[in-house]
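A quick write-up on the structure given underneath.
Chain naming here is simple, since letters A, B, ... match the order of the sequence lines and numbering starts at 1 in each.
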Amino acid sequence: MLIPTLRKEIQLLRRDPRVLVRLIVLPVLFIAIFGYVFNTDNSKQHEARPITVWNGAGGNGELITRALDASQMFAVVPAATARAVEDQVAGHQTAVGLIVPPDFDPMHGHPATLLLDPREPPQVAGPLRGAVVGVVTRAVLREAALPDVVAVRAPIGATSTLDELSSAFQLTVPGNAVLFGFFIALTCALSFAEERRSGTWRRLLASPVSTWQLLFAKLVPYIALGTLQVGLLFAIGAFGFGMPIGGSLPALAVLTVGVACSATALGLLIASLSSTEKQISSLGSVLIMIMGLVGGAMFPRALMPHVMQQVGLFVPHGWALDGYYQLIVGKGTGFADVAKPIAAVYGFAVLFTVIGVRRFRFDQ
Amino acid sequence: MNRDNAGPGQNGAAASDAVLELVGLGKDYGARTAVQAIDLVIRRGEIFGLLGPNGAGKTTTISMACGVVPPSRGTARIAGHDIRSDAFAAKRAIGLVPQDLALYDDLSPRQNLAFFGQLYGLTGAELARRIDWALGVAGLGDRAGDLVKTFSGGMKRRLNLAAGLIHQPTLLVLDEPTVGVDPQSRRHIFDSIRALQARGMTILYTSHYMEEVEELCDRVAIMDAGAVVASGTLAELRAQHGAGGLEVEIDGDGDAIAAAAAAAAPLGGTRTGAVLRFEPRPAYAPALAAIEATGAQIKRIGAQRADLETVFLALTGRGLRDA
């Protein structure tokens, strides 16, 4: 029963290119786009932003330009006059300009002047201003040989996943793998509806196979497909986008099978709550997107308010991503470190299955 | 409780001769009773027709008999196996051909038949042999590799039949197998059914087309409102419930003549254009007298043959297609 059903489901899925697009092509596109947009690997992707500087102050000005260059955030473009800096920023040739006047002496009321292109949106202009002011202030204060005022590090014993990211793909690959991995629920639920609509479900019920065997054989192909899908997305992330994986690969595999089980069981639950393909499509899409959003698949939970971080643990996505981030970012992370997320994800699979089976109308 | 007169002990069928026995089989959906409590025996090698209008309970009855829907009461025995206590053995003996085209459109006929055959434990050379045989029955041997979705409705119907045959069941259950098919495919399906009967297969055929049942079936049960209202051979049913009728073709004011005749013979008078029909027999004389009294010219008088339609009318008080 299992092998013929597995073969049949694969044959059917192969004939439906929409499934391939939904499960593989779309997530790879999302991973690539978001990965390059948020890439944190400075050496490869992050280009320093040009800043036009007129230094009229001699030695003090030199100190500032060297500090700006050394920050790697900015590339200093020298200007011949203060007027030239004004013209370049006003003409949108550069977004940031700095005029260091001959009488530069901030301690006595003669600061440098920062010019920002007014077309820059607030979310860009604000950090730019903060960065330039920070670098310039630090350069000036270092001249006075002051120690570091604030040292940055993670709390002792805590894993600050996002701070330890070495590639944005460590964020976008698990996020999109989990988000799109749960779309297998929709594919699975729709296959139940299609069996019912076409009458093949009736034919299956009339065959000498128990309803448990029938359900098991119907769900296993989707667990296999979901595992393959998420595994493939991680492989593309690792080999195609250079995403480093710091933790245990077997633990990653066990977690991935758990995600596929949980997603497939969600499919059974959706099928048990809806009777037509239309109902399944609308209910399933909304449910999967909301669960993905709450669980941090679209936006990391670590950056959400505390309450939302806790809400994310009510869906399997939140636990799955906690486990994935630990395994991918944390060097040497093993089974013991992700035991809780793994248990939670399998727990959701059991919960969805129990509710789904109780509600499922076998004879309709 | 309605009990069919073809029930156990009443139709003379020996227990060993019975392929399907329905014993007090009934189904409720909440407060609504879909099937009351049916007793029925179908004997080895016969084509048994289950006739009734849409909603009569035919599909629910066969769904219970095939183990698709659990009965609310009673049971069904297929080839001696109880559908409740020995479900797998009972199901192995049944081939269900559902009313829907229960096929995978994105697979070929060969792939469909292979999948359904494997559900019954068929593998390897035996499976391949059965697939070729079933494709031959359906007349689809030359299209075995094409996708089902490219087939006409008639070809799909034939493949639907083949999928129910792949494991060569003792009892083939056909639920409205000719809905929406062209005459050529209907003929092919009928020929296949007769050929299967000749091989010794027992067939339960449900339909609301009485012509099909009259053409194919050895015995018939008529269902209405969830109960079997009559059963037997066609001859038995005609003799018991359908004495035929009188047809009178008239020339004149049809409405006035029909009104006068109906007043004189209120039982069983119907009209189609200029043709008036009367039954039962006691209505003939007063009806003819009433027509003559109007002064209308009678163009033709003839006897109407008793068929399942008239049997159904006599049993339920309404036409099969109006039900």
>> Please rank B:Val173, B:Asp105, B:Asn112, B:Leu147 by heavy-atom pairs under 4.5 Å with chain A and give me the top one.
In response: B:Leu147
> Nearest 0.5 Å, what's the CZ-CG distance between B:Phe115 and A:Leu204?
Replying inline: 5.0 Å
> Where on A:Thr211 is there a heavy atom nearer than 4.5 Å to chain B: the side chain, the backbone, both, or neither?
Replying inline: neither
> Which of the residues B:Ala163, B:Gly164, B:Pro70 is involved in the greatest number of heavy-atom pairs with chain A at under 4.5 angstrom?
Replying inline: B:Ala163
> CZ of A:Arg7 to CD of B:Gln118: how many Å apart, nearest 0.5 Å?
Replying inline: 5.0 Å
> Side chains of B:Leu119 and A:Arg203: does their closest heavy-atom pair fall under 4.5 Å?
Replying inline: no
>> Check this for me: A:Arg14, atom CZ, are more than 12 non-hydrogen atoms of other residues, nucleotides or ligands nearer than 6.0 Å?
In response: no
>> Report which part of B:Asn160 has an atom under 4.5 Å of a heavy atom belonging to chain A: side chain, backbone, both, or neither.
In response: both
> In chain order, what residues pass the side-chain hydrogen bond (donor to acceptor under 3.5 Å, both in side chains) check against B:Lys156, with sequence neighbours excluded?
Replying inline: none
> What part of A:Glu194 lies closer than 4.5 angstrom to a heavy atom of chain B: side chain, backbone, both or neither?
Replying inline: neither
> Any side-chain heavy atom of B:Leu107 sitting closer than 4.5 Å to one from A:Leu12?
Replying inline: yes
>> B:Arg186: which residues meet the side-chain hydrogen bond (donor to acceptor under 3.5 Å, both in side chains) condition with it, sequence neighbours left out?
In response: B:Glu212
> Is there any residue in residues 80-100 of chain B with a non-hydrogen atom under 4.5 Å from a non-hydrogen atom of chain A, and which ones are they?
Replying inline: B:Phe88, B:Lys91, B:Arg92, B:Leu96, B:Val97, B:Pro98, B:Asp100
> Can A:Glu195 and B:Tyr104 be counted as having a side-chain donor-acceptor contact under 3.5 angstrom?
Replying inline: yes
>> By the ring-ring contact (aromatic ring centres under 6.0 Å, His included) test, which pairs, at least two apart or in different chains, include something from residues 147-171 of chain B?
In response: B:Tyr120-B:His167
> OG of A:Ser198 to CG of B:Leu103: how many Å apart, nearest 0.5 Å?
Replying inline: 8.0 Å
>> What I'd like to find out is whether the side chain of A:Arg202 reaches to under 4.5 Å of the side chain of B:Thr59, using heavy atoms alone.
In response: yes
>> Counting only heavy atoms from other residues, nucleotides and ligands, does the tally under 6.0 Å from CZ of A:Arg15 exceed 12?
In response: yes
> How about B:Gln111 and A:Gln11: do any of their side-chain heavy atoms sit closer than 4.5 Å?
Replying inline: yes
